[in-house]
Structures are given as structure tokens and as C-alpha cells.
Amino acid sequence: MSLLKFSRPHKIHFSQCDPAGIVFYPQYFVMFNNLLEHWFDELIPQGFAGYILEQRFGLPTVHLDAEFTAISRMGDEVMLELHVERIGSKSLTLRQRCIGREGELRMQVTQTYVTTSLVTHQAIPIPDILYQALTAQQPVSAKGEIWWILYVLVVGLQACTLGYWWNGKILKIGLW
């Protein structure tokens, strides 16, 4: 399972609604922050609390683009989704969506987070524990150092061997 995409079911609660019985728009940001914390809990061993409290790293929002397309009412069962769109050197961009039971988009946000030190409150490179967890999930991209090589061997039966080459060394071989 790739953790570059993450989703959780959610039931809209009374506390998230305005007097008209629909989600009060800032509550979507609270829902998405909770989704981010659950994702971190699955993504890195110490989870979100350990990332913040023990390692003293922050993840504030530096850019936010929101689109509201349909209402959500108290009692609605929705799916909250998170998709990693970009991993930078000091930031990551996520697309988070609220989807209704019938698949209709209720709300989506594209949010850029920067990694910071909670000691200096300055932007820092994405910490190794987070960067490794994120990049381990990514498909391999060819940027001059890694090439996909596909061999097709025909010896009675066809078998495919897939190997990753990096600086002239085979890193992984598997049969398909």
C-alpha cells in the first residue's frame, strides 16, 4: 500500500456544523489536519506526536488553495483523502479532498507545508525520517542515475526479470 495516497472515512458531526446544519467551512481544515496526523501516524514510526514533541520539527502551512463544490450535512458519511503532489527539499504539497458517498467532491484543498525546526522556527530540509518514508513510496524516476532495465528471457516459458541499476550495481531483482 502506498502512503502517498491516504484516506479515512469520516462522519460529519454536530460540532462541525453551523446553525443551518451544514459544515462550517473552517471545520474542513480541522478535518484535514486530523487526516494529516493520522497519515503521519502510519507514515513514520514515532507518528505525528513524536515528530512534533520529541523530534521538535514543525509542519506549518505556507500556502493554501481551497475550493468548495458541494455542502456536507450533519450525519453525512464522507471519505477524506490525502494525495502527495510534490516533495521539495524543505516543503511538501498535499491535495486533500472530502468526497461524498456517491463520489461527489464536496471540498478540496491544495496545501503546501514547510518543514521547520521548533527550536529556531526556521525552515529546514525535510527531516531524513520523513523524507525517506515519502521517497520510499515514490515510483523510481530516471534522472541520470537510476535506469529501469527489463529483460525478457525465453526458455520454454516467458519470464521477466526486473532490475534497478544504480551507479553500475544491481539493487533489486525480481521475477514477474
Hphob cluster co-occupancy, Leu92 + Ile129, side-chain heavy atoms under 4.5 angstrom: yes

CG on Leu82 to CG on Leu94, rounded to 0.5 Å: 4.5 Å

OG1 on Thr110 to NE2 on His63, rounded to 0.5 Å: 7.5 Å

Val78 versus Gly100, closest heavy-atom pair with distance: CG1-CA, 4.3 Å

Let me have the donor-acceptor pairs involving side chains of residues 11-24, under 3.5 Å, with sequence neighbours excluded, atom names and distances please.
residue: His13; atom: NE2; partner: Lys11; partner atom: O; Å: 3.1
residue: Gln16; atom: OE1; partner: His10; partner atom: NE2; Å: 3.2
residue: Gln16; atom: OE1; partner: His13; partner atom: N; Å: 2.9
residue: Gln16; atom: NE2; partner: His10; partner atom: NE2; Å: 3.2
residue: Asp18; atom: OD1; partner: Ala20; partner atom: N; Å: 2.9
residue: Asp18; atom: OD1; partner: Gly21; partner atom: N; Å: 3.3
residue: Asp18; atom: OD1; partner: Ile22; partner atom: N; Å: 3.3

Phe29 side, atom CZ; Gln96 side, atom CD - distance, nearest 0.5 Å: 9.5 Å

hydrophobic_cluster_shared for Tyr25 and Leu35, side chain cutoff 4.5 Å: yes

Identify every side-chain donor-acceptor pair in residues 64-71 under 3.5 Å, counting partners at least two apart or on other chains, and give the distances.
residue: Glu67; atom: OE1; partner: Gln108; partner atom: NE2; Å: 2.8
residue: Thr69; atom: OG1; partner: Leu105; partner atom: O; Å: 2.5
residue: Thr69; atom: OG1; partner: Arg106; partner atom: O; Å: 3.2

Listed partners of Arg73 passing side-chain hydrogen bond (donor to acceptor under 3.5 Å, both in side chains), at least two apart: none

Non-neighbouring partners of Phe40 that pass ring pair (Phe, Tyr, Trp, His ring centres under 6.0 Å), sequence neighbours left out: Phe48, Tyr51

CA sep, side-chain torsions, deciding dist, call: Phe32, Cys98, side-chain contact (heavy atoms from CB on, under 4.5 Å): CA-CA 9 Å; Phe32 290 144; Cys98 177; 4.3 Å; yes

Pairs satisfying side chain to side chain donor-acceptor pair (under 3.5 Å), at least one member in residues 121-130, at least two apart: none

Side-chain (Ser91) to main-chain (Thr112) donor-acceptor, under 3.5 angstrom: no

Minimum-distance pair of heavy atoms, taken over all atoms of Leu43 and Ala133: O-CB, 3.6 Å

Ile126 CD1 to Lys90 NZ distance, which is reported to the nearest 0.5 Å: 11.0 Å

Cluster link Leu36 to Leu118, ILVMFWY, side chain under 4.5 Å: yes

Kindly list each side-chain donor-acceptor pair under 3.5 angstrom involving residues 53-62, sequence neighbours excluded, with atom names and distances?
residue: Gln55; atom: OE1; partner: Gln46; partner atom: NE2; Å: 2.7
residue: Thr61; atom: OG1; partner: Gln111; partner atom: NE2; Å: 2.7

Contact check, side chains of Phe6 and His83, non-hydrogen atoms, under 4.5 Å: no

Residues Arg97, Glu81: salt bridge by 4.0 Å N-O rule: yes

ILVMFWY network linking Met74 to Met107, side-chain heavy atoms under 4.5 angstrom: no

No-hydrogen, no-angle side-chain donor-acceptor test under 3.5 Å, Tyr28 and Ser72: yes

Interatomic spacing from CD in Glu85 to CZ in Arg95 - rounded to 0.5 Å: 5.0 Å

Transitive ILVMFWY side-chain link Val114 to Ile44, under 4.5 Å: no

Closest non-hydrogen atom pair between Ser7 and Met79, with its separation: CB-SD, 3.9 Å

CE-CG distance between Met31 and Leu80, expressed to the nearest 0.5 angstrom: 7.0 Å

